[in-house]
2 protein chains.
Amino acid sequence: MELSFVEENYLKAIYQLELENPSGVSTTALAEKTKTKPASVSDMLKKLAQKELIFYKKYQGAKLSKSGLQAALLVIRKHRLWEVFLVKHLSFAWDEVHEVAEQLEHIKSNLLIKRLDQFLGYPKEDPHGDPIPNENGEIIEIPKILLSDFTTGKKAQISAVKESSPLFLQYLDKIKAGIGSNIIIQERIAFDNSLEILLDDRTLYISEEVAKNIYVTED
Amino acid sequence: MELSFVEENYLKAIYQLELENPSGVSTTALAEKTKTKPASVSDMLKKLAQKELIFYKKYQGAKLSKSGLQAALLVIRKHRLWEVFLVKHLSFAWDEVHEVAEQLEHIKSNLLIKRLDQFLGYPKEDPHGDPIPNENGEIIEIPKILLSDFTTGKKAQISAVKESSPLFLQYLDKIKAGIGSNIIIQERIAFDNSLEILLDDRTLYISEEVAKNIYVTED
DNA sequence: ATATTTTTTTAGACAAGCCTAAAACTTAAA
DNA sequence: TTTAAGTTTTAGGCTTGTCTAAAAAAATAT
Ligand SMILES: [Mn+2]
Ligand SMILES: [Mn+2]
Ligand SMILES: [Mn+2]
Ligand SMILES: [Mn+2]
């Protein structure tokens, strides 16, 4: 079944929201994510349900079906492969890729994505540390812990970022925090939940907001 | 001014038809090229004229304005750069690239196209021998002679193809004719205007139809 | 349990691009 | 020069995806 640009974006948005809220995705949340109004979302949910891409009963939120999930993951696969291409081969910074990848992810050509994957050397992760689904739409979600939830004193590495807005990523560049950086929480400041951290042997302070958008894996 | 996907395609189509018919492009020709109906073209011409991308008076055909020409050439630039990328880096055959490039040409990002150009080493021509416009939308149309119009007995090289459908390009692959191949017309067969040619030292026969879709430059 | 607030859906409209059928204009033929 | 044929435009409609306003349902508070 041939999906439109817009349908693909809705499926992707449902996938992302379902990760945070596995019980079902609400109309308002989806409207916010897709930058539309709830009324528009209602229309689209009806349409996607009719195409059996989602499970949906009035007033009860939406969930991806098998085929909807597959479609969403193939779009995400393309998005992330293009991000790798832009960073590795066109010297884009990691905060510059998302907007372009939002367009490139809708290009329809199986050959293209196959050859791109090959050209890139079958990468497993995108520049933000997110896993790249395989050609069957299967993904291995790596267990990630938010830095804000991590144990004080233990060694860890930055494995991904939750937020990937240019402003946030530029801030991380500024403090020289990237995927793979070593990190230890030295102290939690009770006053504002900010953290004193050791980042690749440099001591610095980061806000709770920042810590809530960095994923780490134990070393 | 932000152009839609569809508007970009119309401008490109007008550009291509204007090359063959500099006096102005007819509604029916444009409908054929864009695979729409003349009625739809009339609507769009009105819209493009209103945006000052074309000159257009009812019943009198269309011509690109300065800004319309620029816009068309920037789309063509992107199309051709992507074709080079697909052939040189993703090992696409020259008959497989056009369809994908039709999609990629509409991706909007100045940075992307700049970096792609750099990555490719600032190519001057696409895989079909067509010149790539520069970043200002300027193009140097190389003087090309159709093989069917070329002098018998003179040495020449294949410099471009007019038609670039997969079927035609696959036929050229089959007879091992590519951009840069050496070619001499040995004899014109009066009966059907077919040609006996010497192609890189092999003698073979090609139809008039084929000869009308190959451009050569004198050696 | 009832009332109030919030969320979701429906109703009705609109823009972009497309279509068919009919009218208007242009060109070619008689 | 009138008629016929071909081309182009207009009129009216359709689809996709969006919106605002109003109605309906669900969640929350009294
Ligand atoms: Mn992204
Ligand atoms: Mn990413
Ligand atoms: Mn092409
Ligand atoms: Mn080409």
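Chain letters run A, B, ... following the sequence lines, proteins first, then strands; residues in each count from 1.
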Side-chain N,O ([X]) to OP1/OP2 ([N]) below 4.0 Å:
X: Lys46(A); N: dT10(C); answer: yes
X: Ser42(A); N: dT8(C); answer: no
X: Ser4(A); N: dT16(D); answer: no
X: Lys37(B); N: dA21(C); answer: no

Check every atom of [options] against the side chain of [X] and return the nucleotide holding the closest atom.
X: Asp43(B); options: dT8(D), dC19(C), dA21(D); answer: dC19(C)
X: Tyr10(B); options: dT18(D), dA11(D), dC18(C); answer: dC18(C)
X: Lys58(B); options: dT20(D), dC18(C), dT10(D); answer: dT10(D)
X: Thr36(A); options: dT9(C), dT8(D), dT18(D); answer: dT18(D)
X: Tyr59(A); options: dT10(D), dT8(C), dC19(C); answer: dT8(C)
X: Ser40(A); options: dC19(C), dT18(D), dT8(D); answer: dT18(D)
X: Tyr56(B); options: dT18(D), dT9(D), dT8(D); answer: dT9(D)

Residues Glu163(B) and Lys212(B) bridged, charged N to O under 4.0 Å: no
Can we say Glu52(B) and Lys66(B) salt-bridge, meaning some charged N sits less than 4.0 Å from an Asp/Glu carboxylate O? no
Quick one: do Glu105(B) and Arg80(B) satisfy salt bridge (charged side-chain N to carboxylate O under 4.0 Å, His left out)? Show the steps, please. CA-CA 8 Å; Glu105(B) 71 188 8; Arg80(B) 293 180 180 168; over 6 Å; no
Describe, in one word, how the ring planes of Phe119(A) and His89(A) are oriented to each other, choosing from parallel (under 30°), tilted (30 to 60°) and perpendicular (over 60°). tilted
